[in-house]
Engineer: 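I'd like to ask some things about the structure below.
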Amino acid sequence: ETDNSTYHSLSFSVKVSSSSQRAISSAGVIYSVSENPTEKTGTAEQGFPGMDLPLFSASFDCVLSSLLPNTEYYCRPYAVSGGEYYLGDVVKKRTADVGVQVNTLSAESDYLGVTTFTGSFRIDDGDFVEADAFFLYSSAETTLDGLVANGNRISVEWNPDDARYETLEFSASAEGLPEATTYSYAAGVCLGGGAYYYGDVLTITTYQEAPAGNAVNMGLSVLWADRNVGARAPEDPGFYFAWGETAPKSTYTEDNYKYYDKESKWYTKYTTDSGLTVLEPEDDAAAVRWGEGWRMPTREEAQELMACE
């Protein structure tokens, strides 16, 4: 006889008895998603824990746990007597539908090479116990089946209890993705027991650095660009660089400065002692990012510009 069920469990009331002189040494329920499960093809869940064995008859409850939601299982009682398995009739029982909603939301890619994916999750089952959230992404796969089979996966750190009866947004970031590359991605949630739910597949094209500026003749000793490095228009601020570095950063400290030695607590290049005050090409952000013909201004050139009317 079947009792109540949840999205991850089925409960049974079972009666077994032996009409022979051989006592029952074990009993419970064998189950499978395939028809007619046996001790060789199904999973056995033993019943009556704590009862004295062997015995000749018993009534007990048996709970099948860690099941998949909204899935039909074929179940049958079993008893072991004299080393042989005895199986009862097959009962079909479906676990409850958990009511999961997973949505893939917009993604963002910034000039630091970080792409952040966002999704949302809601579950309408009060018996909810655990879940893991993640994102799948790929520049080669465009379908959900392809992402599941071959996509990259990023796990999300979160507290899924917050998603019970309300929508919870979650996000995760991937670093170092090539610029100007289109990726397909999808949000996913795995419930305890191994049930997977996915949102729609969306696309994001990673950040593409702005092209080099245009040279402007202002009647000074050198030509000036009409914008800063990293700016897409003259009015944009562009990138910030530490002196002698060619990549922007999220924070700027002595500890993450390329030419700072933590042990000596002093700088290793472009110091007054070295006499090196003009950037070498490999340390020049304009030269590295815009190419030949461009460079960062010297102090004297910057002063000339600021004095220009």
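Just so it is clear, the structure is predicted and the values come from calculations on it, not from any experiment.
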Engineer: Under the rule for salt bridge (charged side-chain N to carboxylate O under 4.0 Å, His left out), what residues qualify as partners of E245, not counting sequence neighbours?
Structural biologist: K249

Engineer: According to salt bridge (charged side-chain N to carboxylate O under 4.0 Å, His left out), who are the partners of E280, at least two apart in sequence or on a separate chain?
Structural biologist: K269

Engineer: Is the number of heavy atoms from other residues, nucleotides or ligands under 6.0 Å of E235 CD greater than 12?
Structural biologist: yes

Engineer: Run the numbers on S184 and E141 for side-chain hydrogen bond (donor to acceptor under 3.5 Å, both in side chains), then give the verdict.
Structural biologist: CA-CA 7 Å; S184 298; E141 304 293 342; over 6 Å; no

Engineer: So C190 and Y196, do their side chains get closer than 4.5 Å, heavy atoms only?
Structural biologist: yes

Engineer: Decide yes or no for Y78 and Y86: does some side-chain heavy atom of the first lie under 4.5 Å from some side-chain heavy atom of the second?
Structural biologist: no

Engineer: To the nearest 0.5 Å, tell me how far T181 OG1 sits from I204 CD1.
Structural biologist: 11.5 Å

Engineer: Nearest 0.5 angstrom please: D145 CG to T143 OG1, how far?
Structural biologist: 5.5 Å

Engineer: Do you see a donor-acceptor pair shorter than 3.5 Å between the side chains of Y270 and D283?
Structural biologist: yes

Engineer: Going by atom types only, do S13 and D61 share a side-chain donor-acceptor pair under 3.5 Å?
Structural biologist: yes

Engineer: CD of E282: more than 12 outside heavy atoms within 6.0 angstrom?
Structural biologist: yes

Engineer: Please work out whether the ring planes of F170 and F135 are parallel, tilted or perpendicular, with thresholds of 30° and 60°.
Structural biologist: tilted

Engineer: Would one find more than 12 heavy atoms of other residues, nucleotides or ligands at under 6.0 Å from atom CH2 of W266?
Structural biologist: no

Engineer: In Å and rounded to the nearest 0.5 Å, what is the OH to NZ distance from Y73 to K92?
Structural biologist: 15.5 Å

Engineer: Check salt bridge (charged side-chain N to carboxylate O under 4.0 Å, His left out) between E209 and all other residues, then give those that pass, not counting sequence neighbours.
Structural biologist: R289

Engineer: Just checking N256: does its CG atom have more than 12 heavy atoms from other residues, nucleotides or ligands closer to it than 6.0 angstrom?
Structural biologist: yes

Engineer: Do the non-hydrogen side-chain atoms of Y137 and I154 ever get within less than 4.5 Å of each other?
Structural biologist: yes

Engineer: Do Y267 and E254 meet the criterion of a side-chain donor-acceptor pair at a distance under 3.5 Å?
Structural biologist: yes

Engineer: Answer yes if the side chains of S65 and S9 hold a donor-acceptor pair under 3.5 Å, and no otherwise.
Structural biologist: no

Engineer: When you compare the side chain of W224 with that of P297, does any pair of heavy atoms fall below 4.5 Å?
Structural biologist: yes

Engineer: Say you draw a straight line from OH of Y74 to OG of S32; how long is it, rounded to the nearest 0.5 Å?
Structural biologist: 9.5 Å

Engineer: Report yes if the side chains of V63 and F12 come closer than 4.5 Å at any heavy-atom pair, otherwise no.
Structural biologist: no

Engineer: Judged by modelled atom types alone, do N103 and S120 share a side-chain donor-acceptor pair under 3.5 Å?
Structural biologist: yes

Engineer: Do other residues, nucleotides or ligands put more than 12 heavy atoms under 6.0 Å from D255 CG?
Structural biologist: yes

Engineer: With rounding to the nearest 0.5 angstrom, report the CD1 to OG1 distance, I30 to T41.
Structural biologist: 7.5 Å

Engineer: Is the shortest heavy-atom distance from the side chain of E169 to the side chain of L105 under 4.5 Å?
Structural biologist: yes

Engineer: To the nearest 0.5 Å, tell me how far R299 CZ sits from E304 CD.
Structural biologist: 15.0 Å

Engineer: Using the benzene-type ring in the case of Trp, are the ring centres of Y111 and F239 under 6.0 Å apart?
Structural biologist: yes

Engineer: Return the minimal non-hydrogen interatomic distance between D89 and P77, and the atom names on each side.
Structural biologist: O-CD, 3.5 Å

Engineer: Would a 4.5 Å heavy-atom cut-off, applied to side chains only, mark V148 and Y198 as touching?
Structural biologist: yes

Engineer: Could you label the plane-to-plane angle of the F117 and Y185 rings as parallel, tilted or perpendicular, counting under 30° as parallel and over 60° as perpendicular?
Structural biologist: tilted

Engineer: Could you check whether R295 pairs with E301 (Lys NZ or Arg NE/NH1/NH2 to Asp/Glu carboxylate O, under 4.0 Å)?
Structural biologist: yes

Engineer: Can you find a pair of side-chain heavy atoms, one from T95 and one from L10, that are under 4.5 Å apart?
Structural biologist: yes

